[in-house]
Each structure stands twice: as structure tokens, then as C-alpha cells.
Amino acid sequence: ATPTAVTVGIGRGAELGLLIRNGEALEVSEKLTAIVFDKTGTLTRGKPDVTDVVAFGVPEDRLLSVAAAVEKNSQHPLAAAVVRRAESAGVGIPASERFNTFGGLGVSAVVEGEEVLIGNQPFLEERGIAVPPKAGMRVTVFQDVGKTTVLVAIGGELAGILAIADTLKPTTRTAVAELKRMGLSVMMITGDNERTANAIAREVGITDVHAGVLPQEKAEEVRALQVRGEVVAFVGDGINDAPALAQADVGIAIGSGTDVAIESGDIVLVRDDLVDAVAAVELSRKVMSRIK
Ligand code: ADP
Ligand code: MG
């Protein structure tokens, strides 16, 4: 039977904006040694905007319209940012065919008879697109200020770079500082590249960063920590995060996250506020001290 203190704790959690889906999560939270955050949509708002458009050998409008034609098919937050930018620039968005998505890498489709690739640099290079040093340098400059860069190739040639920025949630820094003060190791995991990840981590106050992690590898990273003896909480919002939320000792899902993430979480942050994750750990410590 669930001890009364846990039941009371679940009720108290509800008042604090925590949907605690199993009492065990509350018991385990007291023993946590590490807390791992997904970046996009968890530490950041997950509502990115295109801030810079750099075209190579094609007009900027054409770059945007072709990119949007492909991204219209994608559910990714980066894709929404590209489509929004094309719409606000008032460029027409042509039809596309043979759309394909490569999780954690990018997307492709055929637009007006030309093959279009959009994604990170390794994705384009793997497919034989040359990224000249001058373009590579533009990419690193954007990444070093925390922007995610998406490269666009049209007909086998690099046609441009789109720099995309996402802002931190207002309480991210405070929540991370509190969790560290409580003695937890705080880490970040992201599919984004290392430079962007490090720039965001610096802003947040996290030094332990795992970047370039493919969707299917997030749970593996959590498992590796557990093998090392860590008791791990994972905080995430995306479809990609569901396996890691399930693997973690305590899965903490963002309330506005995808349904799959919420279903995989033990605790749901109803208000999307990371300070509520701190409240969850504090609550579990209080509840468990009452049981012992
Ligand atoms: P995150 O862990 O930040 O949610 P993902 O694993 O979803 O990131 O994606 C990792 C990287 O793959 C992105 O930073 C981007 O470079 C590339 N990518 C994924 N999907 C798309 C897309 N629809 N358009 C462009 N780039 C994409
Ligand atoms: Mg996310």
C-alpha cells in the first residue's frame, strides 16, 4: 500500500503544478544524484525564429521559398521557423514531392525538379555537398552565439545558411542554479551541434554537455549514467525524449510537450516552469523524511 505521506505528497504536488503519475517517482526523487535536461523546448522555449539568411549564388527570396517548400512537410520546430520566415517575407511557397525526414539530421524533398537537402553540416556533407571554408566560418560564428544553423543545398550545391535562435525560458537559469545548490549534477543533452549547445549551456550555467546526440541515443546516454551509479532524472518535451524519459529513474515531462513525452513521464510540469522541477525534488525530500 502507498504510505499516507506519499498520497499527501501527490496532493501537495498537484497544488504546486506537479502532476505526479506514480508515487514511486516521489520516493525515488529523494535519491537523485543527476538531472539531465533536453535543450530545445525544455531549457529553451522551443519557439525558434530565423534571425539570419545567408544565400550563396541564389537570391535570398528563392532560398527561402525553396527551403519553406521542403520544411512545410516537417513537424520540427526548426521547420516551423523557416516556413514562418518565408511567409513573413511574402515569398511564394512552391509544391514539393518525395519528402523524407532523417531524425536528428535534416530533411529532403524535390522542388521544381531539383533535389533539396536541409539540415546540419554532417548531414549535407555525408550526401556529397561541399561546404567551403568561408561558409563553414559563417556557421561557426552563428553557433558560437547559441544559434542553430541549418544548411540548404539545391541541386547538389550549397545554396545558403539559415541561422535560427531560440530564447531561454525565463526561469531556466534560476532552476539550474537551485538544482546545483541542492547537490545534483546538472547536464544537458541535445541533438544540436556542440558549439550551439555549449553557447546555450554557458548561458544556463551547465558545464556538462552531450551534443550531437541522435534521437535514439538519448536513452542510451541516460543508461550509461545509471551504469556509473547515478540516480537520474531526465527532463524533456519531445517525441525524441520519450525513450529517455522512460529509461530515467524519474522522467519529468514538460506539460506543453508532445503527448508521447507526457505519457512517458512520471511527473509532469503542468506549468512548463523548470522551477517546478526543483519543487518536485524538494517535495520528495520532505515526503521521504516524513516516512522514515
Ligand atoms: P533537439 O535535440 O535540439 O530537439 P533534433 O535531434 O530534433 O534536436 O535535431 C538535431 C539537428 O538536426 C537540428 O539541430 C538540425 O540541425 C537538424 N534537423 C532536424 N530536423 C530538421 C529539419 N526539419 N530541418 C532542418 N534541420 C533539421
Ligand atoms: Mg526538446
Side-chain angles (χ1 to χ4, degrees), residues 36-48 50 63-64 66-86 96 99-109 116-127 129 131 139 142-143 146-153 159-166 168-169 172 187-201 209-219 221 234-245 251-258 260-262 264-265 269 272 274:
V36 182
F37 288 93
D38 157 62
K39 174 172 75 70
T40 314
T42 300
L43 295 171
T44 70
R45 291 180 196 270
K47 302 241 180 325
V50 173
L63 173 68
L64 274 175
V66 171
V70 178
E71 294 286 24
K72 240 184 142 66
N73 303 287
S74 167
Q75 307 297 316
H76 203 280
L78 294 174
V82 173
V83 173
R84 238 183 300 119
R85 175 63 181 249
S96 66
F99 174 75
N100 251 306
T101 182
F102 304 84
L105 297 170
V107 289
S108 72
V116 181
L117 298 169
I118 309 180
N120 56 28
Q121 196 167 338
F123 174 69
L124 265 71
E125 285 177 341
E126 244 169 55
R127 280 154 186 78
I129 310 296
V131 178
V139 166
F142 288 133
Q143 292 176 340
K147 293 180 183 180
T148 297
T149 49
V150 159
L151 305 185
V152 184
I161 305 168
L162 305 176
I164 301 175
D166 194 2
L168 294 184
K169 290 179 182 171
T172 293
M187 300 168 214
M188 177 170 113
I189 281 193
T190 178
D192 212 338
N193 75 89
E194 188 132 19
R195 281 176 183 273
T196 306
N198 283 328
I200 300 286
V209 180
H210 302 247
V213 178
L214 290 174
Q216 63 274 19
E217 294 170 348
K218 283 189 177 178
E221 296 265 343
F234 183 90
V235 192
D237 70 312
I239 301 172
N240 291 353
D241 298 321
L245 285 164
I252 303 179
I254 303 294
S256 64
T258 55
V260 218
I262 290 169
S264 307
L269 305 183
D272 295 345
L274 296 184

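Each ligand, and each atom within it, is numbered from 1 in the order the structure gives.
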Quick test of your reading of the structure: of Glu217, Lys39, His76, Gln75, whose heavy atom lies closest to atom 19 (C) of ligand 1?
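Residue with the shortest heavy-atom distance to the ligand atom: His76.
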Less than 3.5 Å between some nitrogen or oxygen of [X] and one of ligand 1, yes or no?
X      : result
Glu71  : yes
Thr148 : no
Gly191 : yes
Val107 : no

Enumerated ligand 1 atoms positioned under 4.0 Å from heavy atoms of [X]:
X      : answer
Asp192 : 14 (O)
Ser74  : 23 (N)
Gly119 : 26 (N)

Correct closest heavy-atom pair for Gly238 and Ala261 would be O-CB, 3.6 Å
Residues Lys147 and Ala165: closest non-hydrogen pair is CG-CB, 4.1 Å
Is a donor on one side and an acceptor on the other found under 3.5 Å between the side chain of [X] and the backbone of [Y]?
X      : Y      : answer
Thr148 : Gln143 : no
Ser96  : Val70  : no
Ser108 : Leu117 : no
Thr42  : Lys39  : no

Thr190: which residues meet the side-chain hydrogen bond (donor to acceptor under 3.5 Å, both in side chains) condition with it, sequence neighbours left out?
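Partners of Thr190 by the side-chain hydrogen bond (donor to acceptor under 3.5 Å, both in side chains) criterion come out as none, since no residue qualifies.
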For atom CD of Glu194, decide whether the heavy atoms of other residues, nucleotides or ligands shown that lie under 6.0 angstrom number more than 12.
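Counting neighbours around CD of Glu194, 12 or fewer heavy atoms of other residues, nucleotides or ligands fall under 6.0 Å, so no.
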Min heavy-atom dist Gly106 to ligand 1 below 4.0 Å:
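Yes, Gly106 has heavy atoms under 4.0 Å from ligand 1.
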Identify, with sequence neighbours excluded, every residue that meets ring pair (Phe, Tyr, Trp, His ring centres under 6.0 Å) alongside Phe99.
none
Of the side chain and backbone of [X], name the one, both, or neither that has a heavy atom under 4.0 Å from an atom of ligand 1.
X      : value
Gln121 : neither
Leu78  : side chain
Asn240 : side chain

Flag the pair Phe234 / Asp38 as yes when at least one side-chain heavy-atom distance between them is below 4.5 Å, and no otherwise.
yes
Please tell me if the side chains of Ile254 and Lys169 come closer than 4.5 Å, counting only heavy atoms from C-beta onward.
yes
Among all the protein's non-hydrogen atoms, which is closest to [atom], and how far away is it?
atom                    : value
atom 16 (O) of ligand 1 : Asn120 CB, 3.4 Å
atom 3 (O) of ligand 1  : Thr40 OG1, 2.8 Å
atom 11 (C) of ligand 1 : Gly104 O, 3.5 Å
atom 17 (C) of ligand 1 : Leu105 O, 3.2 Å

Examine Asp38 and say whether one of its N/O/S atoms is closer to the Mg ion (ligand 2) than 2.8 Å.
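Of the N, O and S atoms in Asp38, at least one lies under 2.8 Å from the Mg ion (ligand 2), which means yes.
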Metal check, the Mg ion (ligand 2) vs Thr40 N/O/S, cut-off below 2.8 Å
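Short answer: yes, at least one N, O or S atom is under the cut-off.
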Decide yes or no on side chain to side chain contact (heavy atoms under 4.5 Å, CB included) for Asn120 and Asp192, but give the supporting numbers first.
CA-CA 9 Å; Asn120 56 28; Asp192 212 338; over 6 Å; no
Only N/O/S atoms count here: what is the atom of Asp237 closest to the Mg ion (ligand 2) called?
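Asp237's closest N, O or S atom to the Mg ion (ligand 2) is named OD1.
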